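The structure displayed is predicted, hence computed values, not measured ones. Numbered from 1 within each chain, the chains take letters A, B, ... in sequence-line order. The figures that follow rest on heavy atoms only: side chains count, while hydrogens, waters and symmetry mates do not.
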Amino acid sequence: MRVASPIVSTAQDAAAFVRVEGASLHYRGGEEGVLALKDTDIAIRRGEFAAVVGPSGCGKSTLLKLISGLNRPSAGRVVVDQTEVKKPLKIVGMAFQNPALLPWRTTLENLLLPLQVVEPHRRQFRRERERYIERARALLAKVGLVGAEDRFPWQLSGGMLQRASLCRALIHDPQILLLDEPFGALDAFTREELWDVLQSLWQEQHFTVLLVTHDLAEAVYLADTVHVFSNRPGRVVYRCNVDLPRPRNADMRFTKLFVDHVHDLRAQISRERVTP
Amino acid sequence: MKWRRALYNASPWITTFAFFVVWEIGCRVFKVPTFLLPTPTDSFKALIEYWPGIWPNAEHTLITTLIGFGIAVVFGVMLGVAVGASPLLYKALNPLLIGFNSIPKVAVVPVLVLWFGIGTVPAVITAFLVAFFPISVNVATGIATTEPELEDVLRSLGASKLDILYRVGLPRSLPYFFASLKVAITLAFVGSVISETVAANEGIGYLMLTASSTFRVPLVFAALFVIAAMGIVMYAVAAAFERRHTTWATRGVDRTPFGSG
């Protein structure tokens, strides 16, 4: 069983794997552009499951782009594994609300896509193809997609697509998994199923997760630490350690501790929504 | 439900046949003079009678069209990829392309004749000019509508723009490309025939011009039939190509017009 660790209170925590230090991001466009993030501090330990919640349009997704290196902050910096992020990291996997699988590829071929792009797999792809296919099949089996390998995305349900998208994000053994509301468009039952799928993948493979969500129960159920974002321009205004034991299960969601956490977060977000 | 299926399959033949029947009856009932509108039977008679004269011209037009179309495919794809992959190029070239496409190509033919003389070259160029635009626009659309999420996934893995174009943009634009071929091939016929009617001494357009100047109107219509037939055949070829290469886009269901043709 895994127990949540003490709270990470400042981004100066030198041991943290992912550190966002006073990062701001100003998007150009329009008269003055948009300030999406302002002075954001976040620290995530290696192997930690972190969640970010906040009002819609508060720059949560922007945070993911900064950490993955897709965007550079206009001020402050992002440090991953003691190195400042200046270009795409190549050690991250990403999944979004839109599964965005390639419709001309089967599920299996979709999973192979990252391996055809990222080094060092890209170089060995032809030689190691059989091994990669085995790896993809094993991963699909873990998320319950046996039998879907040779089917096309349009032959899969929303939940299956999201499972496949999760697999695509993990096929190259990334050290960081960045999730942007991946379960937002699913029905409640499928969503809860996928929470458990994600939890067991994470417990097995020990990657670091940053999950962006607007579902407070999802954040509390999955995360070690929940960061609450303010209204735009977004920054972290509240942190909360979720000290529920692992693995978490559906029954836990009706315990007082769980409900108290959700209440607490809910109150913080309400406050954010009122004061602009 | 078997007859329903049969009706579905026979429907293109039935409508085509009915069209000619109505035309035939209309001409006979209202006693339309042949030099205004010949009956289909007159036209078909002319087709058979003048076939030895029609065929070389038709062949010439077909080759002219295919050459122009071929150039249009190559150029159209290159332009479409460039414009679709680069927002800067898109912005920069857009007004010029739209303006250029708005010019009636009939107006360009005299200029082409001035440059290249009367004959095949202006016809090839006109076919090319009319046909490349839809190809470019479609290919560019296919590439430019790549999902931003997918781009993020790949870019975060260190994929270059070229990688994304090769793995996502190009395959994505294939259905758009094949759809545009069907439009482009018929337009290419329009282009080459227009040019031939203005300035040529060979080809089906030239044949129509000479036939109408001597009031051999059934021959004009016979020539029109030949153009239409060639258009249908080439369209069917393009549609067959489309079907073979983009089953994923139609999800295995054949919804393309003239799909079974």
Original post:
Between A:Gly69, A:Pro88, A:Ser68, A:Ala95, which residue shows the highest count of heavy-atom pairs closer than 4.5 Å to chain B?
Top reply: A:Pro88
Original post:
If you look at every heavy atom in B:Val153 and A:Phe96, which pair is closest and at what distance?
Top reply: CG2-CE1, 3.6 Å
Original post:
Hey, what do you get for CD1 (A:Ile171) to CG (B:Leu157), rounding to the nearest 0.5 Å?
Top reply: 11.5 Å
Original post:
Checking A:Lys65 against chain B: side chain, backbone, both or neither under 4.5 Å from a heavy atom?
Top reply: side chain
**OP:** If a pair satisfies side-chain hydrogen bond (donor to acceptor under 3.5 Å, both in side chains) and one of its residues is in residues 153-163 of chain B, list it, with sequence neighbours excluded.
**Re:** A:Arg122-B:Asp163, B:Ser160-B:Asp163
Subject >> Distance in Å, A:Leu102 CG paired with B:Glu147 CD, rounded so as to fall on 0.5 Å steps >> reply: 8.0 Å
**OP:** Evaluate whether atom OH of B:Tyr90 has more than 12 neighbouring non-hydrogen atoms of other residues, nucleotides or ligands under 6.0 angstrom away.
**Re:** no
**OP:** Taking atom CZ of B:Phe241 as the centre, report whether more than 12 heavy atoms of other residues, nucleotides or ligands fall under 6.0 Å from it.
**Re:** no
Original post:
Mind checking whether B:Glu151 and A:Leu70 have side chains closer than 4.5 Å, heavy atoms only?
Top reply: no
**OP:** With rounding to the nearest 0.5 Å, note down the distance linking CG in A:Leu113 to CG in B:Leu150.
**Re:** 6.5 Å
Original post:
Are there more than 12 heavy atoms of other residues, nucleotides or ligands under 6.0 Å from atom CG of B:Leu162?
Top reply: no
**OP:** Can you tell which part of A:Gln155 gets under 4.5 Å to a heavy atom of chain B, answering side chain, backbone, both or neither?
**Re:** neither
Original post:
Given a strict heavy-atom distance threshold of 4.5 Å, which part of B:Glu149 is in contact with chain A: side chain, backbone, both, or neither?
Top reply: both
Original post:
For A:Arg131, does the CZ atom sit with more than 12 other heavy atoms under 6.0 Å from it, leaving out its own atoms?
Top reply: yes
